[in-house]
2 protein chains.
Amino acid sequence: MTTARKRMVAPTKPAQDDYILTDQVGHLLRRAHQRHTAIFQDMIGNVQLTPTQFAALVKIRDVGEVSQNELGRLTAMDPATIQGVIHRLKVRALIARRADPDDRRCTLLSLTGSGHALIERALASAKAITAATLAPLADNERATFLSLLRKLS
Amino acid sequence: MTTARKRMVAPTKPAQDDYILTDQVGHLLRRAHQRHTAIFQDMIGNVQLTPTQFAALVKIRDVGEVSQNELGRLTAMDPATIQGVIHRLKVRALIARRADPDDRRCTLLSLTGSGHALIERALASAKAITAATLAPLADNERATFLSLLRKLS
DNA sequence: GCAAATTCATACGTATACATATGATGCGGC
DNA sequence: GCCGCATCATATGTATACGTATGAATTTGC
């Protein structure tokens with residue numbers, strides 16, 4: 001064992017130059033998304049809404065009655081994902097459901113009165129949240145960034 | 001002034017102009033992250049790794065032995081999150097753990113032989129995944145995008 | 001030196017996010 | 001008409017992601 005000295009120097013320092021994790025677009029996207037979510041939770045106020053719950057409510061407000069899967073497509077959520085989101089909003093009575101008279105597979109979703117009131121309050125915060133997320137960028141950089149980001153979504 | 005002609009039109013068609021969900025940076029970040037995750041799962045190959053599992057393995061490879069919380073900081077994961085990631089990698093024997101002789105609170109993590117072999121195989125795919133994610137952008141746009149994205153992470 | 005504050009890893013609860021499977025329903029092709 | 005296929009909503013399982021709480025261990029502040 002006296003020869004057990006530092007036999008393995010190389011393995012402890014592999015080729016970082018080749019693939020730097022924190023420079024990869026996937027890692028940066030994940031961190032930027034994390035940061036935005038944190039800002040959202042900080043700034044959304046006493047209205048208890050997650051980003052996806054907010055998205056679902058805003059979209060229903062925009063389009064009116066809509067089926068669950070259709071709402072998922074409009075907000076980029078899997079049917080399995082939107083199901084849980086809607087369920088939690090329904091429990092809080094922010095959303096109402098009724099059977100679609102024309103297609104018995106579908107459930108039509110709409111905002112309740114309190115849902116409407118809540119989303120209107122949340123919208124003010126939402127604009128500030130977008131501004132806070134983009135705050136590290138200069139004015140002229142923001143449009144550039146959004147334009148490029150849109151191409152990747 | 002003469003009464004509300006278009007007063008009642010508004011409720012069914014609310015101010016979309018004011019806040020367009022799909023133009024908000026948070027929504028675009030979420031969708032871009034979704035797209036990257038899908039590309040990752042498609043291209044990572046028969047190596048069964050999620051993006052965060054891959055990140056943990058790559059980072060251990062880069063820095064050698066490291067405590068669990070420290071690894072979390074290096075890969076932008078909460079202590080609660082990294083705990084689950086490490087647990088799943090440990091079950092698959094891709095990671096080994098030993099007590100830190102200098103700090104009995106800590107557990108030192110390292111790659112096993114198969115962990116090392118697996119991450120080396122995954123690295124080839126990882127470069128292609130980054131390229132595929134950025135494929136919608138022109139060459140000159142990619143550096144711009146990454147530079148701006150880094151400011152938001 | 002020692003009490004207070006911090007850090008480490010874990011555990012529990014909630015909320016996306018998606019693959020997959022299922023049963024009910026609608027629709028197109030023949 | 002009706003059979004095959006698609007769609008809708010749900011259910012289950014796995015994996016982040018994080019807040020909060022906990023107990024053990026270490027560092028600090030005085």
_On DNA chain D, does the nearest nucleotide to B:M77 precede the nearest nucleotide to A:C106 from the 5' side, or the other way round? Give the residue._
A:C106
*5′-ward residue of the pair A:L108/B:A76 relative to DNA chain D*: A:L108
Under 4.0 Å: is that the gap between some side-chain N or O of [X] and OP1 or OP2 of [N]?
X: B:Q68; N: C:dT10; result: yes
X: A:N69; N: D:dT7; result: no
X: B:R30; N: C:dA17; result: yes
X: B:T52; N: D:dT16; result: yes
X: A:Q83; N: C:dT16; result: no
X: A:R73; N: D:dC8; result: yes
X: A:T50; N: C:dT16; result: yes

For the side chain of [X], starting at C-beta, report the closest nucleotide among [options].
X: B:R97; options: C:dT16, D:dT16, C:dA9; answer: C:dA9
X: A:R105; options: D:dT20, C:dG26, D:dT12; answer: C:dG26
X: A:R88; options: C:dA9, D:dA9, C:dA15; answer: C:dA15
X: A:D78; options: C:dT16, D:dA9, C:dA19; answer: C:dA19
X: B:T81; options: C:dT16, D:dC18, C:dG26; answer: D:dC18

Check [X] against [Y] and note the closest heavy-atom contact, atom names and distance.
X: B:L28; Y: B:T22; answer: CD2-O, 3.5 Å
X: A:L152; Y: B:F145; answer: CD1-CE2, 3.4 Å
X: B:A76; Y: A:Q34; answer: O-NE2, 3.0 Å

Atom [atom1] of [X] to atom [atom2] of [N]: distance rounded to whole Å?
X: A:Q34; N: D:dG19; atom1: CD; atom2: P; answer: 10 Å
X: A:H87; N: D:dA11; atom1: NE2; atom2: P; answer: 9 Å
X: B:I82; N: C:dT10; atom1: CD1; atom2: P; answer: 11 Å
X: B:I86; N: C:dC8; atom1: CD1; atom2: C1'; answer: 14 Å
X: A:Q41; N: D:dC18; atom1: CD; atom2: C1'; answer: 9 Å
X: A:E70; N: D:dC8; atom1: CD; atom2: P; answer: 8 Å
X: B:H33; N: D:dA15; atom1: NE2; atom2: P; answer: 16 Å
X: A:L71; N: D:dC8; atom1: CG; atom2: C1'; answer: 14 Å

*Which residue, A:G84 or A:D103, contacts DNA chain C at a nucleotide closer to its 5' end, judged by nearest heavy atom?*
A:G84
*Check the side chains of B:Q68 and B:T107 for a donor-acceptor pair under 3.5 angstrom, ignoring hydrogens and angles.*
no
_Close side-chain approach of A:T50 and A:Q41, heavy atoms under 4.5 Å_ =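 Of all side-chain heavy-atom pairs linking A:Q41 with A:T50, at least one is under 4.5 Å.
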_Once rounded to the nearest 0.5 Å, what's the spacing between atom CG of B:L146 and atom CD of A:Q24?_
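CD of A:Q24 is found 9.0 Å from CG of B:L146.
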*When all nucleic acid strands are considered with a 4.0 Å heavy-atom cut-off, which category describes A:T37: base, sugar-phosphate, or nothing?*
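Nothing: the residue A:T37, judged by heavy atoms under 4.0 Å, touches no strand.
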